[in-house]
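First the structure, in the form of structure tokens, and then the observations on it.
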Amino acid sequence: MTSLTLVAHALTPALRGLVLGGDAAPDPAGVEAARELKIVADEVYAGPETAALATASALGLAPVVAPALRDREYGDWTGRELEELLEASPGAVATWLERPHTAPPGGETENDVITRVADWLGDLTRAEAVDNESRGQADRRTVAAVVHPAVVRAAVLYVLDAPAESLRHVDVRPLSVVRLSAHAGSWSLTFG
């Protein structure tokens, strides 16, 4: 069985200002708050963003960077504030916000992100099966990943088999912790 703890990285000026994408450093207060979390895992991963890596470091973790765990790609809208985009292209932004199957120019749809994260989760369960087969036993594997809140949301939608339209109903705040477990290749949310 694989137990996965997802940690949303610390607050950044970009998250606070509703700036799409980019690679902002986390707020110092967020990094300090991360030090209070206790995350224990045999394997640790992180998205490539500066905030994910700084948060992992504050947690005392040394992650392997997993490109599949990167934030959503916003293409031409990367680094721009949502308010600015709404003023410049209200129709295109409204369509994008209302229809998660729509990508920003040169970017990814929400389904693209869900698929990318689902593939990564599938890789974890395949690795579990190979490890267990080679050892001839079913060991418990603990994994942690420090990622952008959008990646946590994508993982939750995938595990619940929820459509991308449900994304507006999943609010992932900085330093949120979500636990998942996989048994026989099937993922579940874990409470407790």
Side-chain angles (χ1 to χ4, degrees), residues 2-12 14-15 19-27 30-31 33-34 37 39-75 77-79 100 103-104 106-131 141-162 164 166-167 170-182 185-190:
T2 298
S3 175
L4 172 62
T5 301
L6 293 171
V7 180
H9 69 58
L11 182 66
T12 65
L15 287 175
V19 174
L20 303 180
D23 193 19
D27 290 347
V31 172
L37 295 175
I39 305 296
V40 178
D42 300 321
E43 299 172 43
V44 181
Y45 298 90
E49 293 83 15
T50 300
L53 296 169
T55 302
S57 178
L59 291 166
L61 304 172
V64 172
V65 173
L69 298 178
R70 70 186 181 281
D71 183 14
R72 183 175 183 172
E73 178 58 55
Y74 293 97
W77 292 354
T78 299
E108 292 179 295
T109 67
E110 185 66 22
N111 277 343
D112 293 335
V113 180
I114 293 169
T115 298
R116 177 166 35 88
V117 172
D119 288 345
W120 183 80
L121 290 169
D123 290 345
L124 278 183
T125 57
R126 279 187 288 285
E128 171 190 44
V130 168
D131 288 348
R141 178 177 176 211
T142 59
V143 180
V146 182
V147 296
H148 189 280
V151 174
V152 176
R153 183 175 49 238
V156 168
L157 292 177
Y158 169 72
V159 168
L160 295 177
D161 198 23
S166 299
L167 74 95
V170 180
D171 185 16
V172 180
R173 296 169 192 260
L175 300 180
S176 293
V177 176
V178 172
R179 290 186 172 79
L180 307 174
S181 60
S186 180
W187 287 96
S188 300
L189 279 173
T190 304

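Just so it is clear, the model here is predicted, and its values are computed rather than measured. Reckoned from all heavy atoms, side chains included, excluding hydrogens, waters and symmetry mates.
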Suppose we screen for side chain to side chain contact (heavy atoms under 4.5 Å, CB included). Which residues come up paired with [X], at least two apart in sequence or across chains?
X: Leu53; result: Ala46, Pro63, Val65
X: Ser57; result: none
X: Glu73; result: Thr78, Glu108
X: Thr190; result: Arg179, Ser181

Give, for atom [atom1] of [X] and atom [atom2] of [Y], the distance between the pair rounded to the nearest 0.5 Å.
X: Arg72; Y: Arg153; atom1: CZ; atom2: CZ; value: 8.0 Å
X: Leu157; Y: Glu110; atom1: CG; atom2: CD; value: 6.5 Å
X: Leu37; Y: Leu59; atom1: CG; atom2: CG; value: 5.5 Å
X: Asp171; Y: Ser176; atom1: CG; atom2: OG; value: 7.5 Å

What's the shortest heavy-atom distance between [X] and [Y], and which atoms?
X: Gly47; Y: Val147; result: N-CG1, 4.1 Å
X: Ala10; Y: Ala51; result: O-CB, 4.4 Å
X: Ala144; Y: Ile39; result: CB-CG2, 3.7 Å
X: Leu189; Y: Val159; result: N-CG1, 3.6 Å
X: Val113; Y: Ala154; result: CG1-CB, 3.8 Å
X: Thr12; Y: Pro26; result: CG2-CA, 3.8 Å

Do [X] and [Y] touch side chain to side chain, with heavy atoms closer than 4.5 Å?
X: His9; Y: Pro174; answer: no
X: Tyr158; Y: Leu121; answer: yes
X: Thr55; Y: Leu175; answer: yes
X: Val177; Y: Leu6; answer: no

Quiz item: Does the pair Arg70/Glu49 count as a salt bridge with the N-to-O cut at 4.0 Å?
Solution: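 Looking at Arg70 and Glu49, the cut-off is not met.
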Self-check item: Salt bridge present between Arg116 and Asp119 (N-O < 4.0 angstrom)
Solution: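 Salt bridge flag = no for Asp119 with Arg116.
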Quiz item: Pick from Leu4, Val143, Thr2: which one makes a side chain to side chain contact (heavy atoms under 4.5 Å, CB included) with Leu180?
Solution: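 Among the candidates, only Leu4 passes.
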Exercise. Return the set of residues passing salt bridge (charged side-chain N to carboxylate O under 4.0 Å, His left out) with Asp161 (not counting sequence neighbours), or none when no residue passes.
Key: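 Expected list: none.
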Quiz item: Stepwise, does the side-chain contact (heavy atoms from CB on, under 4.5 Å) test hold for Leu124 with Trp187?
Solution: CA-CA 11 Å; Leu124 278 183; Trp187 287 96; 4.2 Å; yes
Practice problem: Could you pull out all residues at least two apart from Trp120 that satisfy ring pair (Phe, Tyr, Trp, His ring centres under 6.0 Å)? | Solution: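 For Trp120, the residues satisfying ring pair (Phe, Tyr, Trp, His ring centres under 6.0 Å) (neighbours in sequence not counted) are Tyr45.
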Practice problem: Determine, stepwise, if the pair Val151 / Asp71 fulfils side-chain contact (heavy atoms from CB on, under 4.5 Å). | Solution: CA-CA 6 Å; Val151 174; Asp71 183 14; 5.5 Å; no
Quiz item: Can a donor-acceptor pair be found between the side chains of Thr115 and Asp112 at a distance below 3.5 Å?
Solution: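 Result is no, nothing qualifies.
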